[in-house]
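Single-structure report; data block below.
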Amino acid sequence: MVKDKTAEEISQLWKQYFATRETICAVIPGGKFDLMWNRAQNCPTFLYALPREEGYEFFVGQWSGVELHFTSLINIQTVGETAPSQLILYHYPELQKDKDIVLMTAEMDSKFLGVYEAQCLANQAQLFYVTDCEKTFGLVQTFNHSPANFKHTSVIEELERCGLGTSLGTAKLSLRPQNN
């Protein structure tokens with residue numbers, strides 16, 4: 001069905017399909033996905049800071065194949081390693097070779113996260129894994145390879161430097177799902 005479509009047409013169809021659903025989606029350029037995927041192989045886990053009305057809530061993101069699972073740190077501390085994922089980003093690389101795109105969508109537990117919060121975490125995955133800034137990706141490397149040297153406040157500082165550190169209550173306009 002999509003083999004005769006261009007990457008732009010597929011992107012439009014993908015976004016249109018998910019536009020009325022309570023989830024997020026994206027169409028990722030193949031090169032960006034390759035960079036994210038290659039970095040995730042060496043650094044499969046990271047600590048993300050989700051802005052809340054008063055401060056931040058931390059989430060652990062863990063790559064499993066082409067899925068990125070997010071679980072709140074408090075759930076991991078309470079339940080342990082069996083804590084369920086509250087957000088899963090599913091990446092579909094089947095069109096990458098022919099169309100140079102990777103489709104992404106998400107499954108989220110609406111008791112814990114809304115669409116804006118899911119979009120914020122997805123944006124952070126891109127920020128930390130697809131960056132050209134050595135310092136930004138260096139936080140991911142430190143978390144995975146030198147955890148004793150990792151400071152959670154560095155994540156917050158980076159989010160604030162990039163303008164993603166505002167509380168979601170006051171940033172809904174800037175964090176509106178872009179579906180791209």
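In what follows, residues are counted from 1 in the order of the sequence shown.
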Q.
Whether R21 engages the ring of Y17 as a cation-pi pair (distance to the six-membered ring centre under 6.0 angstrom, angle to the ring normal within 45°) should be assessed.
A. yes

**Q.** From Q62 atom CD to E67 atom CD, the distance as rounded to the nearest 0.5 Å
**A.** 11.5 Å

Q) Is it true that the side chains of T71 and Q86 contain a donor and an acceptor less than 3.5 Å apart? A) no

Q | Atom CD of Q41: over 12 foreign heavy atoms under 6.0 Å | A | yes

Q | Under 3.5 Å: donor-acceptor pair, side chain of R39, backbone of Y129 | A | yes

(Q) Rounded to the nearest 0.5 Å, what separates atom CG in L113 from atom OG in S85? (A) 11.0 Å

Q. Counting only heavy atoms not in E134, do more than 12 fall under 6.0 Å of its CD?
A. no

Q: Report the C-alpha distance between H152 and L47 in whole Å, list the side-chain angles of each, state the deciding distance to 0.1 Å, and finish with yes or no for side-chain contact (heavy atoms from CB on, under 4.5 Å).
A: CA-CA 8 Å; H152 70 283; L47 185 70; 3.8 Å; yes

Q: Measure from the side-chain N and O atoms of T142 to the backbone N and O of G138, and report whether any donor-acceptor pair falls under 3.5 Å.
A: yes

Q: Find out if a path of hydrophobic residues (ILVMFWY) with successive side-chain heavy-atom gaps under 4.5 Å connects I10 to Y90.
A: yes

(Q) Does any part of the side chain of F33, heavy atoms only, come nearer than 4.5 Å to the side chain of P93, both counted from C-beta? (A) yes

**Q.** Main-chain N/O of H69 paired with W63 side-chain donor or acceptor, under 3.5 Å
**A.** no

**Q.** Check: N42 main-chain N/O paired with H145 side-chain donor or acceptor under 3.5 Å
**A.** yes

**Q.** Side-chain donor or acceptor of T105 paired with backbone N/O of I24 under 3.5 Å
**A.** yes

Q. How about L50 and C120: do any of their side-chain heavy atoms sit closer than 4.5 Å?
A. yes

Q | Close side-chain approach of F128 to V155, heavy-atom, < 4.5 Å | A | yes

Q: Mark yes or no for whether T23, through its side chain, and A106, through its backbone, hold a donor-acceptor pair below 3.5 Å.
A: yes

Q: Take F70 and F59 through the test ring-ring contact (aromatic ring centres under 6.0 Å, His included) and record every step on the way to the result.
A: CA-CA 6 Å; F70 291 91; F59 281 76; 7.2 Å; no

Q: Check for a donor-acceptor pair, side chain of S11 on one end and backbone N or O of A7 on the other, with a separation under 3.5 Å.
A: no

Q: For N144 and T45, work out which heavy atoms get closest and say how close.
A: ND2-O, 2.6 Å

Q.
Quick check: closest heavy atoms across Y56 and A49, and the distance to 0.1 Å?
A. CD2-CB, 3.7 Å

Q. So, does H91 use its side chain to make a donor-acceptor pair with the main chain of V66 at under 3.5 Å?
A. yes

Q. Do any N or O atoms from the side chain of Q96 and from the backbone of G30 form a donor-acceptor pair under 3.5 angstrom?
A. yes

Q: Looking only at non-hydrogen atoms, find the nearest pair between L68 and A125 and report the distance.
A: CD2-CB, 3.7 Å

Q | Heavy-atom closest pair, residues I28 and K32 | A | CG2-CB, 4.1 Å

Q) When rounded to the nearest 0.5 angstrom, what distance separates CD in E9 from NZ in K99? A) 8.5 Å

Q) When you measure from the side chain of E117 to the backbone N and O of G114, does any donor-acceptor pair fall under 3.5 Å? A) yes

Q. Linking I/L/V/M/F/W/Y whenever their side-chain heavy atoms sit closer than 4.5 Å, directly or via other members, would Y92 and F18 fall into one cluster?
A. yes

Q. Can you name the nearest heavy-atom pair linking E57 to R52, along with the distance?
A. OE1-NH2, 2.6 Å

Q.
Tell me the closest heavy-atom pair linking D100 and G31, and the distance in Å.
A. OD1-N, 4.0 Å

Q. Do the rings of Y48 and F46 sit parallel, tilted or perpendicular, given the 30° and 60° boundaries?
A. perpendicular

Q) Counting only heavy atoms not in Q12, do more than 12 sit closer than 6.0 Å to its CD atom? A) no

